[in-house]
Amino acid sequence: MIDELEQIVVTEEQLAERTRELGDEITKFYAGEEVTVVSIINGALFFTADLLRNVKLPVRLDCTRISSYRNEARAQGEPEILYSVTLELESRHVLIIDDILDTGKTLSKITEMFQKLNPQSLRTCVLLEKLGRREVPFTADFVGFRIPDKFVVGYGLDFAERYRNLSCIGVLRPEFQNPPEWA
Ligand code: IMP
Ligand code: MG
């Protein structure tokens with residue numbers, strides 16, 4: 001699978017190191033508080049699992065699923081919320097975790113929705129941030145890596161649901177985007 005990448009953008013070692021650093025940062029930031037984490041799956045699954053094991057605080061975990069891609073390398077229209085959280089968010093310190101901040105549409109939509117539930121605080125943590133692609137102004141509170149505007153896969157990020165289980169993050173060779181056998 002790794003041969004299908006033309007470039008590695010973040011290595012497995014860098015991911016391990018940065019999730020430890022971010023875990024420390026989050027632990028210090030919320031010191032003494034309980035945090036309600038909402039992970040946006042499937043993309044944030046691997047990042048959430050590694051990050052939270054480095055957060056030394058009481059944590060409640062829930063997931064939500066949002067879709068804006070339909071087997072394409074570019075977002076199609078507005079994000080669609082496929083299911084919402086079941087944990088109570090009111091008066092809680094809520095931390096949303098996503099894989100990548102790209103156009104900003106997903107996180108601005110979800111933070112707007114969650115804000116209506118009156119959390120005590122609402123913050124966001126993203127593994128990756130692509131600069132220069134924002135369509136909606138949005139700044140994440142915790143960012144793993146800032147990367148160039150290239151479509152990347154691995155460590156939770158997919159192309160047409162493939163490549164999530166790569167242990168690094170990289171750019172897919174063009175010939176592997178839309179192979180006929182995936183139709
Ligand atoms: P936004 O709403 O445009 O900020 O996009 C966020 C979502 O788009 C992410 O949660 C990803 O699922 C998806 N996405 C954006 N860029 C990439 C990429 O380079 N590879 C894989 N998925 C991506
Ligand atoms: Mg996604």
Side-chain angles (χ1 to χ4, degrees), residues 1-12 14-15 18-19 22 37-52 61-85 94-116 122-179 182:
M1 239 179 11
I2 197 126
D3 311 333
E4 297 173 25
L5 299 181
E6 66 176 21
Q7 183 198 342
I8 293 178
V9 177
V10 188
T11 66
E12 188 173 353
Q14 288 172 316
L15 287 165
R18 192 71 187 119
T19 46
L22 273 179
V37 171
V38 179
S39 173
I40 305 181
I41 57 170
N42 297 330
L45 202 56
F46 293 70
F47 176 47
T48 303
D50 286 341
L51 177 69
L52 290 188
L61 174 63
D62 206 344
C63 298
T64 186
R65 190 185 275 264
I66 295 180
S67 167
S68 58
Y69 280 63
R70 300 208 172 61
N71 294 354
E72 299 291 336
R74 287 289 177 200
Q76 306 280 298
E78 291 304 306
E80 196 186 321
I81 294 167
L82 302 179
Y83 64 74
S84 200
V85 294
V94 177
L95 178 64
I96 302 170
I97 302 186
D98 203 1
D99 52 2
I100 185 165
L101 173 56
D102 185 23
T103 64
K105 287 184 184 173
T106 305
L107 281 174
S108 57
K109 177 151 187 172
I110 198 154
T111 50
E112 190 185 304
M113 268 181 56
F114 285 5
Q115 206 70 67
K116 294 187 184 136
L122 181 61
R123 293 196 165 77
T124 53
C125 174
V126 294
L127 173 64
L128 306 174
E129 175 175 14
K130 274 188 206 169
L131 301 170
R133 283 261 310 152
R134 216 72 78 246
E135 289 176 25
V136 181
F138 195 90
T139 309
D141 299 285
F142 303 95
V143 177
F145 299 91
R146 296 196 165 83
I147 62 162
D149 177 22
K150 286 189 175 166
F151 192 82
V152 291
V153 296
Y155 196 65
L157 292 117
D158 70 306
F159 176 73
E161 296 304 323
R162 277 80 170 189
Y163 304 101
R164 293 197 197 271
N165 59 325
L166 275 175
S167 47
C168 63
I169 294 173
V171 179
L172 202 55
R173 290 184 196 282
E175 61 269 34
F176 291 105
Q177 299 185 16
N178 285 329
W182 289 2

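Start at 1 and go down the list; that is how both ligands and their atoms are numbered. Any value given below was found using the heavy atoms of this structure, including those in side chains, with hydrogens, waters and symmetry copies removed. Start at 1 with the first residue, then count along the sequence. It should be emphasised that the depicted structure is a prediction, and the values quoted were computed from it without experimental measurement.
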For [X], counting its heavy atoms only, list the atoms of ligand 1 lying under 4.0 Å from any of them.
X    : result
T106 : 1 (P), 2 (O), 5 (O), 6 (C)
D98  : 10 (O)
K130 : 16 (N), 17 (C), 18 (C), 19 (O)
T103 : 1 (P), 2 (O), 3 (O), 4 (O)
K150 : 19 (O)

4.5 Å side-chain heavy-atom contact, [X] and [Y]:
X    : Y    : value
T124 : F138 : yes
L122 : F114 : yes
L51  : C125 : yes

- Item | Test of proximity, V153 against ligand 1: N or O pairs below 3.5 Å | no

- Any N or O of D99 that comes nearer than 3.5 Å to an N or O of ligand 1? yes

Side chain, backbone, both or neither: which part of [X] comes within less than 4.0 Å of ligand 1 when only heavy atoms are counted?
X    : answer
D158 : backbone
R133 : neither
V152 : both

- Message: Measuring from non-hydrogen atoms of K109 to any atom of ligand 1, is the shortest distance under 4.0 Å?
- Response: no

- At a 4.0 Å cut-off, with the gap strictly under it, does some heavy atom of G104 reach an atom of ligand 1? yes

- Query: Within the distance-only criterion (no hydrogens, no angle test), does the side chain of R133 pair as donor or acceptor with the backbone N or O of G104 below 3.5 angstrom?
  - Reply: no

- May I ask you to check whether Y155 and E12 show a side-chain donor-acceptor distance below 3.5 Å? no

- Task: Apply side-chain contact (heavy atoms from CB on, under 4.5 Å) to L45 and D99, showing your working.
- Result: CA-CA 8 Å; L45 202 56; D99 52 2; over 6 Å; no

- Query: Salt bridge check: are R146 and E129 linked by an N-O gap of less than 4.0 Å?
  - Reply: yes

